[in-house]
Amino acid sequence: MNTDLYEDVGIFLVHSVAMEQEAADRMYELAETMEVHNNRELHQLFTALAAYSETHAADIKELAEREDQTAVLPDFKAWEYSWPDQESPEIFHYAHVHYLMTAEEALQTALDVEQRAESFYENIAKTTSNPEVKQLAEPFAKEEREHAKAIADQLSSLRATLQNDSSKTLDQTDFDPPHMPE
Amino acid sequence: MIAKEYKSGVKPIWCPGCGHFAVLNAITKAFAALEQAPENAVLVSGIGCSSRLPAYINSYGFHGVHGRALPVAAGLKVARPDLNVIAMGGDGDGFSIGGNHFLHACRRNVDIVYVVMDNEVYGMTKGQASPTTPEHWEHSKLTPHGPEVRRFQPCAIALAAGASFIARGYSGDPNGLAHMLYEAVQHPGFAFIQVLSQCPTFCPEQVQWKKTVHPEDACTPDPVQAAAFLHADDGLAKGIFYRNPRPIWPVKHQAIKPANLRQGFEI
């Protein structure tokens with residue numbers, strides 16, 4: 001990882017905006033896919049999650065402008081960002097998605113994603129020697145923690161509903177299974 | 001233009017979790033970095049799930065005949081060398097139905113990019129073994145003991161046939177793939193990118209690629225070194241493996257202009 005991410009306010013902020021915006025774009029893409037495949041429940045869920053990330057991205061952009069109105073955030077190419085993994089920590093990886101996905105699985109993955117984002121900001125807040133970066137990273141981590149808690153509550157509530165009312169359990173019978181026509 | 005402005009607005013009908021979404025995003029990111037004018041880019045494809053991709057990009061596109069993306073793309077580039085031509089398709093389209101075109105496109109070294117979204121299966125026809133299917137993959141009832149045939153080795157064959165840029169990307173790393181595309185577009189000559197693009201519907205085991213695909217810093221202009229690397233390769237290394245510009249076809253004195261083409265068809 002590029003250590004400038006931990007020390008330079010502009011580079012930290014540009015990573016934060018990209019992280020939220022990419023998270024929102026991926027969620028909207030998943031929402032659209034679920035709509036195409038007639039899974040209305042997940043379409044609504046991913047749309048709501050996307051809207052949250054998009055709002056957060058807008059808030060960070062506004063904050064960056066407020067911090068220094070003359071500041072221009074650096075313009076990075078997609079591969080020039082410095083993430084701990086191949087994609088940003090808040091991205092919903094394609095490997096977790098499939099056509100029989102349930103709301104419970106989607107929320108569990110969304111929770112993991114938010115927790116990764118929280119750790120990312122926490123790690124920066126702990127490691128940086130720049131007090132300005134620390135001052136920004138700490139509330140960002142708190143915000144991710146709050147979002148993770150909201151998703152965890154939603155997940156618990158869904159699990160309780162599924163336990164108490166079996167009619168709400170998604171029928172996972174695959175009426176058009178892969179490899180069928182052979 | 002920013003990356004998402006290169007999307008056409010047509011909603012992809014790929015399965016949720018399909019790796020081709022990552023390739024679509026990588027192309028838009030590469031185009032944004034290249035500041036590609038949409039009217040100067042053409043995406044040419046064959047037939048299959050992945051070959052739907054040109055419809056989803058805001059540029060010119062040609063969704064053509066099964067296995068024939070490369071001759072269309074080469075013809076287009078020869079007639080309109082000013083355009084940025086990217087051919088694409090899947091492993092069945094590119095290595096089986098279009099296998100012969102693949103060999104000769106590598107050999108001719110026309111200045112185009114060829115992206116093969118390799119999910120090791122015929123997805124559109126519901127999951128039969130393709131040229132890159134593992135030898136003992138037993139999930140298709142047509143090949144209950146697996147295809148029992150040695151797998152096609154796209155990168156090694158591209159090298160042997162004369163491709164001048166050879167790389168392998170992974171759909172789990174769209175940013176790395178965007179970088180590869182960025183380099184491939186700027187490479188003078190035939191640039192081949194094999195993309196390990198997971199099929200969560202017919203090959204759900206490919207989600208393991210997230211753990212097993214590994215980066216390799218093996219790029220060399222030396223074909224002997226590249227051959228040694230590719231013959232020892234486990235098929236899961238990602239990176240640019242070979243880059244060695246050589247004269248592109250058609251050579252300058254043969255440059256074909258549309259007016260000359262028309263003259264050739266006069267009776």
Side-chain angles (χ1 to χ4, degrees), chain A residues 15 17-19 21-22 24-39 41-43 45-46 50 54 57 75-89 91-103 105-106 109 112 174 176-182, chain B residues 2-4 7 9-22 24-26 28-30 32-34 121 123 125-128 139-144 170-183 197-204 206-211 213 215 238:
Chain A
H15 275 74
V17 172
M19 191 161 105
Q21 194 57 58
E22 287 206 0
D25 291 346
R26 179 67 55 87
M27 291 290 189
Y28 278 128
E29 185 184 83
L30 293 174
E32 196 176 273
T33 311
M34 293 303 176
E35 186 187 21
V36 167
H37 290 269
N38 219 15
N39 186 337
E41 187 186 16
L42 285 194
H43 165 66
L45 177 61
F46 283 125
E54 197 159 51
D75 186 17
F76 282 176
K77 293 182 173 65
W79 52 92
E80 289 173 343
Y81 290 94
S82 179
W83 305 120
D85 201 354
Q86 297 176 109
E87 291 192 89
S88 90
I91 209 89
F92 204 110
H93 199 283
Y94 291 114
H96 298 298
V97 186
H98 56 93
Y99 75 104
L100 290 175
M101 191 173 206
T102 62
E105 285 175 275
T109 308
D112 297 342
D174 189 355
D176 183 22
H179 307 291
M180 198 176 74
E182 297 162 14
Chain B
I2 60 168
K4 58 185 170 189
K7 288 193 181 174
V10 176
K11 291 178 181 173
I13 61 160
W14 294 318
C15 301
C18 177
H20 304 341
F21 281 103
L24 172 63
N25 287 327
T28 61
K29 287 175 175 179
L34 289 159
V121 75
T125 50
K126 297 207 80 171
Q128 298 82 15
H139 298 282
S140 167
K141 290 175 191 163
L142 275 181
T143 49
Y170 166 46
S171 59
D173 178 17
N175 296 328
L177 181 58
H179 192 193
M180 255 174 221
L181 282 158
Y182 177 82
E183 296 291 329
S197 182
Q198 64 167 22
C199 176
T201 301
F202 295 104
C203 305
Q206 288 170 349
V207 298
Q208 293 305 320
W209 280 347
K210 192 169 185 290
K211 294 176 190 157
V213 170
K238 66 169 181 165

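This one's a predicted model, so the numbers in the text were calculated from it and none came from an experiment. Reminder, nothing fancy here: chain letters follow the sequence lines and each chain counts from 1.
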Heavy-atom pairs under 4.5 Å with chain A, option from B:A26, B:P204, B:C18, B:G172 with the top count: B:G172

Among B:P174, B:A32, B:P12, B:A3, residue most engaged with chain A (heavy-atom pairs, under 4.5 Å): B:P174

Top contributor to chain A contacts, counting heavy-atom pairs under 4.5 Å, from B:A178, B:P200, B:A30, B:G123: B:A178

Side chain / backbone / both / neither for B:K238 at chain A, heavy atoms under 4.5 Å: side chain

Whether A:Y94 and B:F21 hold their rings parallel, tilted or perpendicular, with breakpoints at 30° and 60°: parallel

Test log, rule side chain to side chain contact (heavy atoms under 4.5 Å, CB included), inputs A:D85 and B:K210: CA-CA 11 Å; A:D85 201 354; B:K210 192 169 185 290; 4.3 Å; yes

B:W209 portion near chain A, given a 4.5 angstrom heavy-atom threshold: neither

Top of A:Q86, A:E35, A:R26 for chain B proximity - count of heavy-atom pairs under 4.5 angstrom: A:Q86

Geometric class of the A:W79/B:H179 ring pair [parallel <30°, tilted 30-60°, perpendicular >60°]: parallel

Considering all heavy atoms, the nearest A:H37-B:C15 contact: NE2-CA, 3.8 Å

B:K4, part contacting chain A, at a heavy-atom distance under 4.5 Å: side chain

Any side-chain heavy-atom pair of A:H98 and B:V207 under 4.5 Å: no

